[in-house]
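Written below as structure tokens is the structure these notes are about.
Hydrogens, waters and symmetry mates are skipped; everything else that's a heavy atom, side chains included, is used. Below, chains carry the letters A, B, ... as their sequence lines are ordered, and counting in each starts from 1.
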Amino acid sequence: MTPARDYFGEVYDVVRLVPRGRVTTYGAIARYLSLRAGARMVGWAMNASHGHDVPAHRVINSRGVLSGKHFFGGPTIMQQLLEDEGIRVVDDRVVDFTTVFWDPSEELGL
DNA sequence: GGGCTGACTTTAA
DNA sequence: TTTAAAGCCAGCC
């Protein structure tokens, strides 16, 4: 059987589909993968995203806060990356988060 | 092999 | 309203 449903690959794929200037949340991805509360695993996948072409800076928590900004190698790397895409970030929080929020289950179609 | 941790979310009090 | 605890799965020691 082909175990090991590449959860990481699933997450990477979804994150790569996030258009520039938009952001998504761990819960949205987790929910898209039917992981009702496996949001932690999504973040864990991001931890392994280093070395992959995954815009992990577009993945934040449900409050629009850059939770893993410190994991980018700098406390402002993630913020600058988002600002570079046109997303305004203030106090480590995404401005108009609900506006730039990109839901895979909705954009990609349930 | 067993147990702890972790870039979160959601429900309950 | 805010604060607290439980839940989930995979990776690492």
Side-chain angles (χ1 to χ4, degrees):
Chain A
M1 333 210 229
T2 79
R5 225 196 293 168
D6 225 333
Y7 278 108
F8 284 45
E10 296 277 338
V11 175
Y12 296 159
D13 187 32
V14 175
V15 177
R16 281 183 210 169
L17 292 173
V18 177
R20 181 172 169 282
R22 298 283 184 225
V23 294
T24 187
T25 68
Y26 302 97
I29 297 170
R31 189 157 93 166
Y32 180 71
L33 300 178
S34 301
L35 301 177
R36 200 181 272 180
R40 281 190 171 189
M41 197 195 58
V42 178
W44 206 246
M46 295 287 95
N47 190 2
S49 68
H50 282 276
H52 299 261
D53 294 334
V54 180
H57 62 272
R58 290 179 186 160
V59 183
I60 55 186
N61 67 7
S62 54
R63 296 191 308 185
V65 180
L66 289 60
S67 318
K69 62 168 190 171
H70 193 73
F71 285 65
F72 277 77
T76 55
I77 303 298
M78 190 173 185
Q79 180 174 340
Q80 290 185 9
L81 285 170
L82 291 172
E83 288 183 329
D84 184 61
E85 296 190 351
I87 300 172
R88 292 183 183 178
V89 180
V90 179
D91 192 22
D92 297 336
R93 289 182 299 187
V94 176
V95 180
D96 294 331
F97 170 63
T98 55
T99 303
V100 298
F101 175 57
W102 183 83
D103 188 347
S105 298
E106 188 172 343
E107 299 296 324
L108 298 178
L110 303 189

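Contacts classified as salt bridge (Lys or Arg N to Asp or Glu O under 4.0 Å) and involving residues 71-91 of chain A (residues at least two apart or in different chains) are given here: Arg58(A)-Glu85(A), Asp91(A)-Arg93(A). Pairs of residues two or more places apart, or lying in two chains, that qualify as ring-ring contact (aromatic ring centres under 6.0 Å, His included) and include a residue from residues 73-105 of chain A are Phe97(A)-Phe101(A). Residue pairs meeting the ring-ring contact (aromatic ring centres under 6.0 Å, His included) criterion with at least one member in residues 60-88 of chain A: none, sequence neighbours excluded.
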Evaluation steps, side chain to side chain contact (heavy atoms under 4.5 Å, CB included), between Val89(A) and Gln80(A): CA-CA 8 Å; Val89(A) 180; Gln80(A) 290 185 9; over 6 Å; no

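Checked by atom type and distance alone, the side chain of Tyr32(A) never pairs as donor or acceptor with a backbone atom of Val11(A) at under 3.5 Å.
Per the geometry, CD1 belonging to Ile29(A) stands 13 Å off C1' belonging to dT9(B), to the nearest Å. What separates OH of Tyr12(A) from P of dA7(B) is a distance of 15 Å, to the nearest Å. The separation between Tyr26(A) atom OH and dT9(B) atom P is 8 Å, rounded to whole Å. In this structure, His52(A) places its NE2 atom 18 Å from P of dA7(B), rounding to the nearest Å.
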Could you give the side-chain donor-acceptor pairs of residues 59-66 of chain A under 3.5 Å, partners two or more places apart or in another chain?
residue: Asn61(A); atom: OD1; partner: Arg63(A); partner atom: N; Å: 3.1
residue: Asn61(A); atom: OD1; partner: Gly64(A); partner atom: N; Å: 3.1
residue: Asn61(A); atom: OD1; partner: Val65(A); partner atom: N; Å: 2.7
residue: Asn61(A); atom: ND2; partner: Ser67(A); partner atom: OG; Å: 3.1

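Here, dA6(C) and dC4(B) have their P atoms 15 Å apart, quoted to the whole Å.
Interatomic distance, Ile77(A) CD1 to Leu82(A) CG, rounded to the nearest 0.5 Å: 11.5 Å.
Checked against ring-ring contact (aromatic ring centres under 6.0 Å, His included), His50(A) has no partners two or more places apart in sequence or in another chain. Applying the side chain to side chain donor-acceptor pair (under 3.5 Å) test to Ser49(A) and every residue at least two apart in sequence or in another chain returns nothing. Trp44(A) pairs by the side-chain contact (heavy atoms from CB on, under 4.5 Å) definition with Phe8(A), Asn47(A), not counting sequence neighbours.
Side-chain contact between Thr24(A) and Pro104(A) is present, with heavy atoms from C-beta onward closer than 4.5 Å.
Shown for residues 41-48 of chain A: residues whose heavy atoms fall under 4.0 angstrom of DNA chain C, namely Met41(A), Trp44(A). The stretch residues 55-74 of chain A touches DNA chain B through Ala56(A), Asn61(A), Ser62(A), Ser67(A), Gly68(A), Phe71(A), Phe72(A), each having a heavy atom under 4.0 angstrom from the strand. Residues from residues 77-91 of chain A that place a heavy atom under 4.0 Å from any atom of DNA chain B: there are none.
Shown here for Asp103(A) and Ala28(A), the closest heavy-atom pair between the two residues is OD1-CB, 4.2 Å.
Salt bridge status for Lys69(A) with Asp92(A): present, with a side-chain N to carboxylate O gap under 4.0 Å.
With dG11(C), dT9(B), dA7(B) as the choices, the nucleotide that has an atom nearest any side-chain atom of Thr25(A) turns out to be dT9(B).
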Pair pattern of DNA chain C in dot-bracket, where unpaired bases get dots and | marks partners in another strand, Watson-Crick or G-U under 3.5 angstrom: .||||||.|||||

